[in-house]
Amino acid sequence: MELAKAYDPKEAESRHYERWEQLGCFHPEVNKDADAKAYSIVIPPPNVTGSLHMGHALQHTIMDVLTRWKRMQGFRTLWLPGTDHAGISVQRKVVEQLRAEENKSPLDIGREEFLKRCWAWKEEYGNTIIEQMRREGASVDWTRHRFTMDPGLSAAVRSVFVRLYEEGHIYRGLRIVNWCPKDKTVLSDLEVKEETKKDGKLYYLRYPVSEPAASAGGSDFIVVATTRPETMLGDTAVAVNGSDERYKHLIGKTIALPLTSREITIIADEYVDAEFGTGAVKITPAHDPNDYLVGERHGLEQLLVMNMDGTMNAAAGAEFDGMDRFKAREKVVEMFDELGLLEKVEDYEITLPVCERCKTVVEPILSEQWFVKMDELRDIGLDLIEREGVPRFVPEVPHAKVYTTWLENLKDWTISRQLWWGHQIPAWYDGEGNVYVAHSEEEAREKAGGRELTQDNDVLDTWFSSGLWAFSTFGWTGEAGGQLSVVSGQSDEKSVSSPATDNRQPTTDLENFLPTDVLVTGRDIIFLWVSRMMMLTKKFTGQTAFKDCVITGTVLGKDGKPMSKSRKNGVDPIEMFDKFGVDATRVYLASIATGADIRWNDLLIETYRNFANKIWNATRFSLMNAGPQAASLQADESRLGACDPTALADRWIISRLNRTALELNKALERYEFHTAVSLLYHFFWDDFCDWYIELSKSEPPAVAGGLTQDSENVQPPATAGGSDGSGVTLNVLETALRMLHPFMPYLTEELWQKLPGTSAEMHHAAYKSEPPAVAGGLTQNSDNVQPPATAGGSDKTIMLADFPRGDASLIDEAAEFEMSVVIDAIKKARNIRAEMNISPSVRFAVHLAAKSDVQRVFRDNEPQILRLARAEKLVISDVLDVPKASAKAVLTANATLAVPLEGLIDFAKERERLANAIAKLSDEKTRLDGQLSNENFVTRAPAEKVEALRERTAELEIQIKTLNNNLSSLSIDQ
RNA sequence: GCCGUCUUAGCUCAGUGGUAGAGCACUCGCUUCACACGCGAUAGGUCAGAAGUUCAAAUCUUCUAGACGGCACCA
């Protein structure tokens with residue numbers, strides 16, 4: 001069969017995903033091995049408002065590589081997808097839509113109607129990212145898709161809330177909170193970011209002291225400095241440090257607060273730093289967290305002068321009532337100035353707290369909210385990481401320490417949000433303001449003795465429900481009298497894909513898949529999500545949410561800054577898929593060192609697009625040369641023992657293959673995806689294509705190909721040491737495709753389907769025991785089964801084939817050494833050709849001199865050396881016997897190589913070439929001599945290191961001597 | 001202010017004690033019958049700077065410079 005000349009990713013991408021899905025490959029139930037170990041990953045649920053960005057693509061790639069790898073190893077594998085309801089974001093979208101389309105506010109249509117609109121919005125746009133995951137090739141189990149507001153997950157939220165409340169971990173109270181006046185909701189500390197403002201001002205205000213101090217040259221004023229002058233309308237005291245001589249005499253005196261009719265007291269408090277500013281601080285308990293504490297200590301009035309939309313209220317005074325806070329600031333300053341009470345205004349660089357999402361300046365404000373007391377949960381989290389080492393962060397530095405430090409300083413968590421979209425707080429109030437926390441209104445009413453109740457208006461922080469993700473997604477609801485009630489495997493929501501029925505095992509997902517194996521996410525949500533999931537999962541299930549936590553780096557724009565819409569430096573993954581192919585993009589993302597940031601660079605994806613094309617063409621070549629018999633194939637025992645020059649190359653490539661497979665698995669175990677990619681890239685391109693295939697070309701077309709499959713190991717075909725290049729080629733190729741599959745699912749499936757002899761028989765044992773009747777007997781409905789890409793109605797797929805483990809016993813050191821000698825000879829001959837400017841079309845003789853065992857290697861591989869060095873003949877002997885007009889080189893194993901070049905040689909050039917070679921070798925020898933003459937090194941370094949240097953020095957000596965001889969003979973003879 | 005990370009070839013990045021690596025770009029050569037998304041051959045780094053530990057440092061320690069991240073504070 002003939003393949004196209006170049007790989008067309010779109011063609012392959014269009015075909016396989018649906019087929020995999022229909023074969024049921026994404027379900028853990030595809031695994032028929034009752035003893036199979038489970039391997040599970042839950043996706044960090046993307047926001048329903050988002051669309052796929054590079055960070056997702058990176059994390060999804062890693063999760064899919066792990067999932068496919070483990071699946072091929074025979075694990076009962078589950079990657080669970082889902083989405084997060086993203087409270088504020090959705091609410092904002094729907095509010096905007098409502099205003100734009102109907103010019104209405106949420107209050108106009110009411111809570112119930114508004115929620116309907118939210119659900120409609122979510123139905124329409126909420127699966128953008130999750131749908132884009134199909135294009136990525138993500139092997140997630142769509143039947144287990146979850147949404148944080150699914151009934152089951154919502155029940156879990158209520159159960160957790162009720163229990164935390166009953167145990168005293170949740171309380172409602174009046175505190176200074178972070179308030180976003182635009183979103184009109186409270187935010188947790190983690191949702192507030194800082195923005196530096198260079199053009200900030202510090203205003204110095206004079207407060208007239210009611211009883212002017214007569215002594216100590218005291219003035220009639222006390223000067224306070226503030227960046228928020230409008231808050232002075234809510235001042236209820238001025239504080240100074242009790243030991244500050246300047247103000248000591250004023251303590252207890254009062255101030256006629258300007259612009260108001262209020263008198264406030266001058267108090268002493270340690271909080272005030274006498275050295276800082278004027279040493280006097282205005283105290284606004286309702287609008288500043290520190291002032292709040294001062295106020296509590298001194299029993300000050302908490303005067304709220306602002307509304308929740310960022311305007312001033314009546315308490316600020318009639319002329320400020322309803323005025324925007326920033327307008328009010330100007331007005332206050334203006335009035336102070338008019339009254340002669342503005343001491344000065346200084347330029348001042350300030351950092352403002354802003355809402356993470358809308359960048360609105362956050363207002364610290366006194367408000368009644370729900371909080372989680374974090375003491376017990378913090379101890380749970382600390383205990384896990386410090387005693388059990390869970391989670392194990394990858395990379396460990398710096399995350400483990402940052403995480404631990406953060407936990408140690410954990411403050412209470414504000415969990416209520418003044419939104420409608422989300423989990424409404426399961427708390428009800430009676431007419432007298434008594435609160436009843438319950439799983440349902442019914443239960444609350446029982447508790448309230450049947451009184452009329454109203455439910456708390458607010459909803460919970462989205463992260464509260466995300467914090468339960470590791471177990472709520474597996475069916476935990478916390479209901480049914482402490483018994484785990486498991487939601488049926490079917491998603492509460494409409495599944496994104498919709499298998500008709502569901503024949504789950506009797507055991508529950510919770511038992512099967514918790515703890516999950518690894519969490520892959522970004523560092524921005526370690527505190528928001530990772531920590532909370534860790535703590536809540538442990539508290540409510542007794543399990544660890546996950547063992548390992550891979551923290552990916554940030555994909556930066558070409559300018560080295562994080563990608564963002566405002567910077568317009570974003571790169572759309574979908575565009576990259578279109579331009580370079582999904583597989584190439586995946587490999588590029590996997591090639592980034594785990595946890596490292598990287599600047600986006602198209603050129604690097606091109607590398608992997610080229611790699612994909614190389615794999616395609618290597619397969620194309622192998623198929624073209626496989627011969628007609630290759631399709632029928634059995635290992636042909638009769639070929640065993642046949643002595644043939646390709647034997648070395650066969651032994652060598654099988655050795656390299658197994659070495660690569662062993663190291664590849666190790667790299668994946670360590671989450672070193674970049675190492676894995678590098679191993680695959682160099683094995684495939686350098687070893688397999690550049691050397692093995694090129695060497696095999698010197699042979700006549702293969703007689704017969706044999707694909708053998710041994711699920712235990714990367715087994716050489718029966719021809720190891722035999723004559724059938726093509727059989728080895730196809731076997732190695734087939735194995736390489738399996739190793740590549742987790743990274744490049746589409747390309748490898750496309751090619752694997754085309755290899756002769758691949759079949760469902762090659763699936764891992766766990767997938768073979770019976771026809772794959774999974775998840776509702778999908779495959780039994782033949783109408784739904786797409787015919788495979790190639791002949792025969794087979795349900796074969798590389799996805800379920802065995803992942804190569806590598807077999808250390810097949811590593812052949814001798815073959816690798818001998819091959820290195822052959823490669824060296826070819827490279828040195830090529831070097832002479834290139835440096836001497838000899839046309840590729842000129843065939844020259846290559847003389848090789850070496851010890852007898854090395855001579856044998858040359859002799860055994862004569863056709864290959866002839867071909868790849870473009871030589872006409874090899875002359876192999878004990879010592880070189882060539883005309884002086886020859887170019888010479890030294891090889892490993894102290895062999896020498898010469899190319900007689902009568903009439904062609906450029907003496908000057910050859911002398912230069914030799915001199916360069918000698919210089920390089922001499923530099924090395926000088927360095928080694930220096931080390932060896934150092935007695936400390938000889939006595940203290942490990943003996944094997946010293947010995948290795950000695951050997952190398954001896955070798956260098958011979959080589960330098962050889963080249964020097966050649967150089968001097970060239971100089972004499974001209 | 002506290003904690004931490006990064007600085008390696010023109011570019012983007014690997015490399016945690018024993019002779020500096022990759023891809024791309026550059027230079028030279030190739031219509032070699034899988035691939036020009038290719039093949040072959042070169043060139044290119046005193047591993048930010050300084051000091052120290054060590055027989056041996058890109059790698060460990062300290063300091064300096066620059067870039068950056070997290071947390072805290074910000075009258």
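Just so we're on the same page: letters track the sequence lines, and every chain starts at 1. What you see below is based on every heavy atom in this structure, not just the backbone, and it leaves out hydrogens, waters and symmetry mates.
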What I want to check is whether an N or O donor and acceptor connect the side chain of K5(A) with the base of A36(B) at under 3.5 Å.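 Answer no: no donor N or O sits under 3.5 Å from an acceptor.
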
Mapping W406(A) and G279(A) to their closest nucleotides on RNA chain B, which lands nearer the 5' end?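 Upstream on the strand: W406(A).
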
If you assign each of Y348(A) and A834(A) to its closest nucleotide in RNA chain B, which residue comes earlier from the 5' end?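 Nearest nucleotide further toward 5': that of A834(A).
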
Report yes or no: is the cationic atom of K697(A) (NZ for Lys, CZ for Arg) under 6.0 Å from the centre of the six-membered ring of F621(A), at an angle within 45° of the ring normal?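 Here K697(A) passes the 6.0 Å and 45° test against F621(A).
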
Establish, with yes or no, whether the OP1 or OP2 oxygen of [N] is under 4.0 angstrom from a side-chain nitrogen or oxygen of [X].
X: N934(A); N: A56(B); result: no
X: K401(A); N: G4(B); result: yes
X: R830(A); N: A41(B); result: yes

Could you identify the nucleotide paired to [N], looking across every strand shown and requiring Watson-Crick or G-U wobble geometry with both distances under 3.5 Å?
N: U54(B); answer: none
N: G21(B); answer: C13(B)
N: U42(B); answer: none
N: A65(B); answer: U7(B)

Below 6.0 angstrom between ring centroids: does that apply to F611(A) and Y681(A)?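 Centroid distance F611(A)-Y681(A): below 6.0 Å, so yes.
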
Answer with base, sugar-phosphate or nothing: what part of the nucleic acid does Y271(A) contact at a heavy-atom distance below 4.0 Å?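 Sugar-phosphate contact only.
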
